[in-house]
Amino acid sequence: MNILILGGGGREHALAWAVLQNPKCDKLIVAPGNAGIAAIADCADLDILNGAAVVNFCEENAIDFVIVGPEAPLAAGVADRLRDAGFLVFGPSEEAAKLEASKSFTKEICDAAKAPTAGYGHFTDAEAAKAYIREQGAPIVVKADGLAAGKGVIVAMDEDTALAAIDDMFGGEFGSAGAEVVIEEFMEGEEASYFILVDGETCLPIGTAQDHKRVGEGDTGLNTGGMGAYSPAPVLSDEIAEKAMEEIIKPTMKAMVDRGTPYQGVLYAGLMIKDGQPRLVEYNVRFGDPECQVLMLRLGAQALDLMQACAEGRLADAQVNWADDHAMTVVMAAKGYPGDYVKGSVIKGLDTLPETSSEMCFHAGTGEKDGQIIATGGRVLNVTARGATLKEAADRAYAMVDRIDWPEGFCRRDIGWRAL
Ligand code: AMP
Ligand code: GLY
């Protein structure tokens, strides 16, 4: 089977690594890829937001199966163009990708499905939005409706911050994503992520994870794309996961079928858990990054079989074979991230790291220059390990971190602290 993966971050390196464990994979191309991916697969320079260009590329390279990593191509309808051209694709249609691309759409689907989530108002007018905030009071959460690269959510602990967020969003700070806002009730509790494969009809859970969004130790400082993650997430016990499946996931997936836009791909449910009750914070229509890295390390070769079964509508007969293990990934970022950071610093010591089925250093923002690996992004490496316990996974991951010689990089030393 010839496979194309779209994307070029740590998530796609982990997907590529897992796909290559499976003997079914004859050829793997990743577009655009990165320096770590280039060491294990062919990388192609391709505009992955251009459906026609991706279809052309698949025809020229005899691709049998396309796995879409990030949300942007999905929201741009690339999966639709590929399916129209007869290709097998893992990833939802543009209409179904609205579960991530539009917060108000997701709230309407939750209403239709009676799924537990935060109460909300949806506004296209700044004055009406402000009146709602004054009426509800703080804490309150203001969200730009569209995709905003993880920066469109303001959790306001006081009313002034919420009102200022409205001015920013209607003032164009978030581009067209802010022309509409959703204002939500503030939910207390502990957050966890639940990953489910959906083939339109059948929902198959493939794991739980928790990530660390803040840049600083003890979960302090600015928000980031994620500084580390671990799986499983103990807060999402079997009982609570089952509740989330029956009360949230299945009803919303049925609502998608009922409106004629069934969902196909991985569904990433962000849940808030309090007193044993899960509520939906958000849906994403892709794997989390870096959560994918821990899930792929735990799943290994079967990940390809599962994604293929999902794309072919065969999940009813599929099953996940779980090792009773734990995985952790530690993100190494360029100093200064998530603010300004320097690009181009050289990373050494990567060739001394173990590369086994239990230990992998996935690359996110890396490139190659004069035979050396250099940092090209904010989040740069995802040092990932698994073990019989979370402690063992953490010890292995940090032992790898300590072998990496990159003075311009940093990581958090407390990934997994809640569970440890
Ligand atoms: P989102 O992009 O919707 O996941 O929001 C980003 C983060 O904001 C979430 O991971 C939560 O930590 C927080 N958040 C979003 N909505 C709420 C809410 N209604 N109550 C409390 N925290 C929230
Ligand atoms: N790690 C959070 C995300 O992928 O959205």
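Whatever order the structure lists them in is the order used to number ligands and atoms, beginning at 1. Residue numbers start at 1 and run along the sequence shown. All of these numbers come straight from a predicted model, not from anything done at the bench.
- If you check which protein heavy atom lies closest to atom 5 (O) of ligand 2, you get R286 NH2, 3.0 Å.
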Problem set entry | Intermediate values then yes/no, side chain to side chain contact (heavy atoms under 4.5 Å, CB included), I133 and I166 | CA-CA 10 Å; I133 288 171; I166 295 296; 3.5 Å; yes
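- In this structure, E184 and V142 have side chains that are not in contact, with every pair of non-hydrogen atoms separated by 4.5 Å or more.
- S104 and S102 share a side-chain donor-acceptor pair at under 3.5 Å.
- Counting only N and O atoms by type, the side chains of Y283 and T252 include a donor and acceptor under 3.5 Å apart.
- The atoms of ligand 1 that sit less than 4.0 Å from any heavy atom of K213 are 10 (O).
- D160 has no carboxylate O lying under 4.0 Å from a charged side-chain N of K130, or vice versa, which leaves the two without a salt bridge.
- Short contacts between ligand 2 and G225, defined as distances under 4.0 Å to a heavy atom of the residue, involve ligand atoms 1 (N), 2 (C).
- Between K213 and ligand 2, not a single N/O pair is under 3.5 Å apart.
- Heavy-atom contacts of D211 reach the following atoms of ligand 2: 1 (N), 2 (C) (cutoff under 4.0 Å).
- Regarding atom 2 (C) of ligand 2, its nearest protein heavy-atom neighbour is Y268 OH, 3.3 Å.
- At least one heavy atom of G288 sits less than 4.0 Å from an atom of ligand 2.
- The shell of residues lying under 4.0 angstrom from ligand 2, judged by heavy atoms, excludes A229.
- Of the candidates E185, E282, K143, the one placing a heavy atom closest to atom 4 (O) of ligand 1 is E282.
- Look at D219 and R418 and you find a salt bridge, because one of the NZ, NE, NH1 or NH2 atoms lies within 4.0 Å of a carboxylate O, short of that distance.
- With hydrogens and angles left out, the side-chain atoms of N382 and T329 include no donor and acceptor closer than 3.5 Å.
- Considering backbone and side-chain N/O of M187, one or more are found under 3.5 Å from N/O of ligand 1.
- Those atoms of ligand 2 that come under 4.0 Å of a heavy atom in E291, given as number and element, are 1 (N), 2 (C), 4 (O).
- Among the atoms of G226, none of the N or O lies under 3.5 angstrom from an N or O of ligand 2.
- Within ligand 1, counting atoms from 1 as listed, the ones closer than 4.0 Å to a heavy atom of K103 are 1 (P), 2 (O), 3 (O).
- The side chain to side chain contact (heavy atoms under 4.5 Å, CB included) with L28 is formed by just one residue from the set L4, D42, I5; it is I5.
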For this session: Dump the intermediate steps for ring-ring contact (aromatic ring centres under 6.0 Å, His included) on Y132 and F123, then the final yes or no.
Result: CA-CA 9 Å; Y132 182 79; F123 301 93; 5.1 Å; yes
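- Residues N22 and V19 form no side-chain contact, since every pair of their non-hydrogen atoms from C-beta on lies 4.5 Å or further apart.
- Using a 4.0 Å heavy-atom cutoff, E188 is absent from the residues neighbouring ligand 1.
- Of all atoms in ligand 1, numbered sequentially from 1 with element shown, those under 4.0 Å from a heavy atom of F186 are 20 (N), 21 (C).
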